[in-house]
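Read through the structure below, which is laid out as structure tokens, and then see the notes.
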Amino acid sequence: MILLISDLHLEEQRPDITRAFLHFLETRAPQAKALYILGDFFEVWIGDDAMSPFQHSIAKALRKLSDGGVAVYLMHGNRDFLLGRAFCREAGCTLLADPSVQRFNGEPVLLMHGDSLCTRDESYMRLRRWLRNPLSLFILRNLPLSTRQKLASKLRRQSREQTRMKASDIVDVTPEEVPPSLRRHGVTRLIHGHTHRPAVHELEVDGRPAQRIVLGDWDQKGWALQVDEHGYQLSPFPLV
Ligand code: MN
């Protein structure tokens, strides 16, 4: 059995989500062969060199799971794209590229965070191109801590304000982006998060049935996608 989650937006200010995640790690995750975290695991990440005691405690909890034999994979989201190898070493997890193809039940499946599919949001796509460019990343990682902190809160403030102003369909996935992505990777199933619109979309691509599964964000409740011999099951659960 494999579990996939995303968009927990972990932060000290949401002890309810943190508690629910730690509970998930203690109860459900140990039964899995692998746990995939598809981005925006943390609400903000300004660098592995600036980890707070809270972030260290999350790394330690993940480490316990991976030491217990569960493979843990982590993909960057738009909030935590500065998360790096030092965190992964500490947490015992493997960083996955976005996009990435993994095999579940013998079937290749495309995994993404999802922000790269929201192409109608042109200002965000421009910002994303700049932020993910290797040279910008190098500069960002080497800025003084206080500058990174200021930059991160500015970006979050901007993103909150703009999301309020933008039409709701431009912060969702552009439907036309999906078939080319499936074709490019030779798959008929895509799993992503980011949009906070959990759903299973049934599609037809080149005359074949296809599926786009959108993971849910953890806020009023938690969400997980379970893959086992019965197939794919996306379901919410209460934050305990
Ligand atoms: Mn996101």
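Heavy atoms only: backbone and side chains are in, while hydrogens, waters and symmetry mates are out.
With hydrogens and angles ignored, the 3.5 Å screen pairs no side-chain donor or acceptor of D217 with any backbone N or O of D219. At distances below 3.5 Å, not a single donor-acceptor pair connects side-chain atoms of R14 with backbone N or O atoms of I17. With hydrogens and angles disregarded, a donor-acceptor distance shorter than 3.5 Å links the side chain of S66 to the backbone of L62. When atom types are taken as modelled, the side chain of N133 and the backbone of R129 share no donor-acceptor pair closer than 3.5 angstrom. No donor-acceptor distance shorter than 3.5 angstrom exists from the side chain of S136 to the backbone of R132, with no hydrogens or angles considered. The closest donor-acceptor contact from the side chain of T147 to the backbone of L143 lies at 3.5 Å or more, if one exists at all.
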Show, in sequence, the C-alpha distance, side-chain angles and deciding distance for S159 and R156, and conclude whether the side-chain contact (heavy atoms from CB on, under 4.5 Å) test is met.
CA-CA 5 Å; S159 132; R156 286 171 71 198; 5.8 Å; no
Assess the residue pair T94 and C88 against the criterion (side-chain contact (heavy atoms from CB on, under 4.5 Å)); give the C-alpha distance rounded to whole Å, side-chain angles, the decisive distance to 0.1 Å, and a yes or no.
CA-CA 6 Å; T94 306; C88 286; over 6 Å; no
Could you walk me through whether R128 and D115 satisfy the side-chain contact (heavy atoms from CB on, under 4.5 Å) test, starting with their C-alpha distance in whole Å, then the side-chain angles of each, then the deciding distance to 0.1 Å, before giving a yes or no?
CA-CA 9 Å; R128 187 183 197 276; D115 55 329; 2.8 Å; yes
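Residues passing the side chain to side chain contact (heavy atoms under 4.5 Å, CB included) test with E202, sequence neighbours excluded: V200, Q211. Residues satisfying the ring-ring contact (aromatic ring centres under 6.0 Å, His included) test with F87, not counting sequence neighbours, are F42, W45. Qualifying side chain to side chain donor-acceptor pair (under 3.5 Å) partners for E161, counting only residues two or more places apart in sequence or in other chains: none. Remark: R89 pairs with no residue by the salt bridge (charged side-chain N to carboxylate O under 4.0 Å, His left out) rule, at least two apart or across chains. D172 pairs by the salt bridge (charged side-chain N to carboxylate O under 4.0 Å, His left out) definition with R197, not counting sequence neighbours. Partners of D7 according to the salt bridge (charged side-chain N to carboxylate O under 4.0 Å, His left out) rule, which considers only residues two or more places apart in sequence or in another chain, do not exist here.
Taking all atoms of both residues into account, the shortest heavy-atom contact from T188 to P209 is CB-O, 3.8 Å. Listed here is the closest heavy atom pair of E90 and A59: OE2-CB, 3.7 Å. Taking each heavy atom of M75 and S100 in turn, the nearest pair found is CE-CB, 4.0 Å. For the pair G193 and V214, the tightest heavy-atom approach, listed with the atom from each and the gap, is O-CG1, 4.3 Å. When all heavy atoms of L8 and I5 are compared, the closest pair comes out as CD1-CD1, 3.8 Å. Across all non-hydrogen atoms, the minimal contact from F81 to R141 is O-NH2, 4.0 Å.
Proximity of Q55 to S52: side-chain heavy atoms (C-beta onward) are separated by under 4.5 Å at one or more points. At least one side-chain heavy atom of L96 sits under 4.5 Å from a side-chain heavy atom of Q102. Side-chain contact check for I213 versus R189: some heavy-atom pair is nearer than 4.5 Å. V227 has its side chain within reach of Y232: a pair of non-hydrogen atoms, C-beta onward, lies under 4.5 Å apart. Contact check for L3 versus L225: no side-chain heavy atoms found under the 4.5 Å cut-off. Counting heavy atoms from C-beta on, the side chains of K166 and R120 never come closer than 4.5 Å. When side chains are defined from C-beta on, K221 does not count as touching P238, because their heavy atoms never get closer than 4.5 Å. Between Y36 and L74, every side-chain heavy-atom pair lies at or beyond the 4.5 Å cut-off.
For the atom pair W223 CH2 and S235 OG, the distance stands at 7.5 Å (nearest 0.5 Å). Atom CG of L4 sits about 7.5 Å away from atom CG of L35, to the nearest 0.5 Å. The line from OG of S6 to CG of L215 is 4.0 Å long, rounded to the nearest 0.5 Å. Distance check, rounded to the nearest 0.5 Å: OG1 of T174 to CG of D121 gives 9.0 Å. Once rounded to the nearest 0.5 Å, the distance linking CG of L95 with CZ of R85 reads 6.5 Å. Once rounded to the nearest 0.5 Å, the distance linking CG of L111 with CG of D98 reads 9.0 Å.
Membership of the apolar cluster around V187 extends to V101, L110, M112, L117, V173, V178, L182, L190, L203, V205, as traced through chained side-chain contacts below 4.5 Å between ILVMFWY residues. Clustering of Ile, Leu, Val, Met, Phe, Trp and Tyr by side-chain heavy atoms under 4.5 Å joins V44 with I46, L145.
Sorted by first and then second residue, the ring-ring contact (aromatic ring centres under 6.0 Å, His included) pairs with a member in residues 110-135 read H113-H194; sequence neighbours excluded. Applying the ring-ring contact (aromatic ring centres under 6.0 Å, His included) test to residues at least two apart or on different chains, the pairs with a partner in residues 201-221 are F24-W218, W218-F237. Residue pairs meeting the salt bridge (charged side-chain N to carboxylate O under 4.0 Å, His left out) criterion with at least one partner in residues 65-84, sequence neighbours excluded, are E43-R79, R63-D67. Residue pairs meeting the salt bridge (charged side-chain N to carboxylate O under 4.0 Å, His left out) criterion with at least one partner in residues 22-41, sequence neighbours excluded, are E26-K64.
Between R208 and D206 there is no salt bridge, since no side-chain N of the basic residue sits under 4.0 Å from a carboxylate O of the acidic one. Salt bridge D49/R148: present, at least one basic N to carboxylate O contact under 4.0 Å.
Under the 4.5 Å side-chain heavy-atom criterion for grouping Ile, Leu, Val, Met, Phe, Trp and Tyr, L10 is connected to L155 within one hydrophobic cluster. The cluster map of Ile, Leu, Val, Met, Phe, Trp and Tyr, joined by side-chain heavy atoms under 4.5 Å apart, puts M125 and V171 in different clusters.
At most 12 non-hydrogen atoms from other residues, nucleotides or ligands lie less than 6.0 angstrom from CD of Q233.
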